Amino acid sequence: MRKSITSAVAILATSGLWVDASATAPAATAAPPADATHGNWKTVQTFCFECHNVEDWAGGVAFDSMSADGIPQDAKIWEQAVRKLRGGMMPPPGHKRPDSAAVKNLVSYLETTLDDANTHPNPGRVPLRRLNRREYANAVHDLIGLDIDGAAWLPEDPLKDGFDTNADLLRVTPNFLDQSVAAARALALQAVGDPKAAPIDTTYGNIANMIISLNPRPGMGTGNQEKYQDGMPFGTRGGMVAEHWFAADGEYSLTIGDMAMAREVPKLEFENTVIVLLDGKEIHRVTVGGEQDYKDVDQNLDAGVYHINSRLRDIRFHASAGQHKLAVTFLRRSYAESDERVRPNVLDGGQQRVNAVHAMQIKGPLKITGMSETRSRAKIFICTPATAADEDPCAQKIITNLAQHAFRRPVTDADMQPLRAFYQKGRQAGTFETGIRDALAAILASPDFLFRMEGASDSVRTLSDLELATRMSFFIWSSLPDQELLDLATRNELSKPEVLKAQVHRMLGDPRALTLTTDFAFQWLNIAKMDTISPAQAQFSYAAGAYDPRPLFKKELTLFIDSIFRSDRSVVDLLTADHTYVNEELALLYGMEDVKGGEFRRVTLTDPTRFGLLGKGAVLMTTANPDRTAPVLRGAWIMERILGTPQTNPPPNVPTLTAFVPGKPMTVRERTEVHRRNPPCSGCHAVMDPLGFALENFNTVGEFRAIDPQTHTLIDTAATMPDGTRMAGPADLHKSLAARGPQLAQTITEKLMTYAVGRPVEYYDMPSVRQIVRDAAKDNYRFESIVLGVVQSDAFRKRAPAAPLPASLTTQAANLTSAP
């Protein structure tokens with residue numbers, strides 16, 4: 001009987017998720033204790049021994065070689081068992097299963113036994129790590145006031161479990177060193193300014209759209225330029241914005257991409273008023289199109305085209321030094337539904353015979369007139385020398401201030417000596433500001449800025465307050481500690497429980513904590529995958545190409561998650577909240593016709609199928625294919641991202657989903673059910689698929705539909721979980737998952753700890769994770785309670801020593817040391 005293990009169990013055996021205990025000699029099974037343990041161990045014997053035994057070793061585990069008394073010693077195996085039981089994956093579907101009460105009792109017993117035995121928690125250890133791109137960009141912004149794209153300055157960050165904070169992967173590479181040094185020099189120059197800058201050309205948008213011979217092709221998701229663009233002045237439509245660094249005060253030139261061409265005369269029938277804005281203030285206005293321009297192109301061809309496009313070239317304007325937003329947009333001509341005889345296939349209508357801007361080029365400075373105070377200069381030059389004698393004391397003050405914030409600690413004379421040397425060398429070659437610029441470049445290239453360093457120890461130790469301040473700030477803000485945090489840490493007050501709690505509350509209320517949504521939550525939910533899914537133009541012409549809704553989905557999800565995380569609400573509300581954030585374009589995609597305008601606003605939902613994360617377009621598209629839904633992907637996503645019970649990888653050579661059956665149209669659900677009949681597939685799919693089937697009303701772009709597009713029949717969303725839970729559709733799924741609120745809270749806690757500490761959560765962390773969840777339960781699982789629990793945990797507050805070197809390496813080192 002034991003040899004007749006089903007293929008579903010074989011999948012788990014080959015997955016590597018279960019720890020291989022085959023190297024351990026089988027031990028005699030101890031007699032079960034006579035207390036409550038007996039019933040739970042009896043459950044293991046009855047339902048687990050058949051496959052997980054010393055003869056079959058299914059999954060590399062033999063429970064009959066273990067005992068109830070030895071559960072703490074086999075913690076790694078039993079933590080895996082708990083996860084499988086919570087996910088409904090064990091026993092496999094089709095096998096004899098205990099009732100839900102027995103499973104609940106067994107999980108509770110195992111967790112309690114493991115937690116009680118964890119009297120000396122292992123905090124784990126993270127190695128020296130560099131700043132990732134996000135942290136670098138945020139640190140540069142907070143230190144010297146520059147807004148930068150980290151991807152433009154540093155090499156790509158490797159990911160582990162979807163997170164870009166893994167210390168083992170954020171190692172030093174020659175490429176990183178080269179790029180960080182080059183970035184330090186360039187960013188120091190931008191922050192201080194360049195009074196001797198030579199004119200340079202910078203193009204924003206596709207350079208091919210600057211001089212057009214064919215209709216320009218807008219980028220995916222650039223939006224409908226027939227409508228108002230978020231952030232533009234009211235009364236405008238379309239346009240683009242670029243944040244540009246101006247080296248000095250002076251004259252600059254703007255050239256806007258061509259809007260007229262001679263091949264045909266499109267979009268010139270009506271006048272288009274082009275407006276140029278610098279930091280929201282109009283600096284230029286010109287008209288393109290209309291009857292006269294239409295005739296000019298029609299009668300003079302290339303000469304007419306040149307006359308029109310020349311109005312968009314070499315537009316001179318004055319700008320002060322620093323970073324400014326330059327925008328090109330159009331005055332809205334009319335609110336007519338359409339200019340066409342036949343209304344186009346777009347959800348929100350609009351005028352199609354209007355121009356758009358897809359590229360622009362800024363050149364300068366053509367003439368330098370001075371150097372104004374900028375945000376960066378205000379952060380750097382906290383004093384100004386009045387005489388030559390004042391220069392050295394002022395430089396000392398400036399460099400000390402910058403170094404303390406960059407290095408996240410008070411600086412010593414050993415820190416200052418090389419920085420003063422850079423200043424002196426720059427001062428001798430130029431001016432006072434040149435010396436400060438060179439010292440700033442040295443700070444930005446310093447390992448004390450680029451790396452997160454923590455002191456080594458031969459035993460487990462508690463982090464210093466300064467180390468704790470750095471961990472907290474990079475966890476909650478993905479950036480440097482501010483002055484208040486550094487002051488508390490310097491006085492060794494930060495680690496006091498009441499002070500620590502108050503600082504977590506303050507930091508979560510700071511706008512910089514938005515990074516917990518845009519970075520942590522998006523990585524936890526794997527929203528980056530949405531960037532790889534381009535909606536199929538054939539099926540979704542109204543939601544593809546320039547109408548691609550992905551930017552709208554991301555903004556909606558950002559506003560929604562942030563409203564839960566930072567408004568004193570339970571994380572369970574992520575699944576059940578009856579509100580979202582939409583503008584007119586997104587609302588129409590969702591079938592809502594009472595939202596007008598391009599601004600996002602909070603709306604209360606009346607349709608329960610749209611509640612929570614699972615009603616958001618970002619999640620629905622992330623878990624779909626470009627041209628069809630994918631119940632398997634959606635089910636697997638829920639298992640891993642919401643319930644924290646990831647499925648095993650499929651075995652090799654598993655057949656793909658059947659495309660169709662000749663002569664018979666089939667729904668995606670029917671094709672999936674054909675697929676899961678394959679014996680290697682049935683075990684895992686029986687758990688995943690019902691979750692995905694419940695969301696089949698939503699297509700790739702997040703639209704709700706009742707009729708299947710292939711079969712023209714009603715979509716079947718009814719599903720039954722292995723534990724017997726029945727669901728009729730999305731609303732029931734939301735309720736079913738919300739009933740597992742503690743499991744969602746545990747998943748978020750695990751993911752937060754992974755993100756915060758910089759290493760994967762290990763089996764020895766789970767007692768601490770469960771304690772955080774239990775404490776948060778007293779506060780209704782509020783996000784702040786979970787964050788505070790992570791900050792107070794040993795994994796966050798302490799550091800284990802490095803693992804000892806293997807004996808062979810120790811011997812080699814000793815031989816080298818003793819060699820003559």
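Keep in mind it's a predicted model, so treat the numbers as computed, not measured.
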Query raised in the report: Among side-chain atoms of D775 and Q771, is any donor-acceptor pair under 3.5 angstrom?
Result: yes
Query raised in the report: In terms of heavy-atom contacts, does NZ of K501 have more than 12 from other residues, nucleotides or ligands at under 6.0 Å?
Result: no
Report task. Report the residues that fulfil ring-ring contact (aromatic ring centres under 6.0 Å, His included) with W637, sequence neighbours left out, ordered by chain and then residue number. Result -> none
Query raised in the report: When you look at E784 and R566, which way does the salt bridge (Lys or Arg N to Asp or Glu O under 4.0 Å) test go after all the steps?
Result: CA-CA 8 Å; E784 183 175 326; R566 296 200 294 143; over 6 Å; no
**Report entry** By ring-ring contact (aromatic ring centres under 6.0 Å, His included) - contacts of F796 (at least two apart)
**Finding:** F475
Query raised in the report: Between the side chains of S495 and D465, does any donor sit under 3.5 Å from an acceptor?
Result: yes
Report summary line: Only one of F47, W78, W57, W41 passes ring pair (Phe, Tyr, Trp, His ring centres under 6.0 Å) with F63, and that residue is W78
Query raised in the report: Under 3.5 Å, is there a donor-acceptor pair linking the side chains of R134 and S478?
Result: yes
**Report entry** Ion pair R770/E79, N-O distance below 4.0 Å
**Finding:** yes
Requested in this report: Please determine if D157 and R130 form a salt bridge, counting it only when a charged side-chain N lies under 4.0 Å from a carboxylate O.
Outcome: yes
Report summary line: Residue set satisfying salt bridge (Lys or Arg N to Asp or Glu O under 4.0 Å) with R83, at least two apart, ordered chain then number -> E750
Query - Euclidean distance, Q523 CD relative to T754 OG1, rounded to 0.5 Å - result: 11.0 Å
Query raised in the report: Within 45° of the ring axis of F560 and under 6.0 Å from its six-membered ring centre, is that where the NZ or CZ of K616 lies?
Result: yes
Query raised in the report: For R774, does the CZ atom have more than 12 heavy-atom neighbours from other residues, nucleotides or ligands under 6.0 Å away?
Result: yes
**Report entry** Residue of the set L737, T576, L620 for which side chain to side chain contact (heavy atoms under 4.5 Å, CB included) holds with L614
**Finding:** L737
**Report entry** Residues D168 and K160 bridged, charged N to O under 4.0 Å
**Finding:** no
Query raised in the report: Does E454 come within less than 4.0 Å of R125, counting only side-chain N to carboxylate O?
Result: no
Query raised in the report: Given E467, which of R408, R799, R461 fulfils the salt bridge (charged side-chain N to carboxylate O under 4.0 Å, His left out) condition?
Result: R461
Query raised in the report: Between D779 and S785, is any side-chain donor less than 3.5 angstrom from a side-chain acceptor?
Result: yes
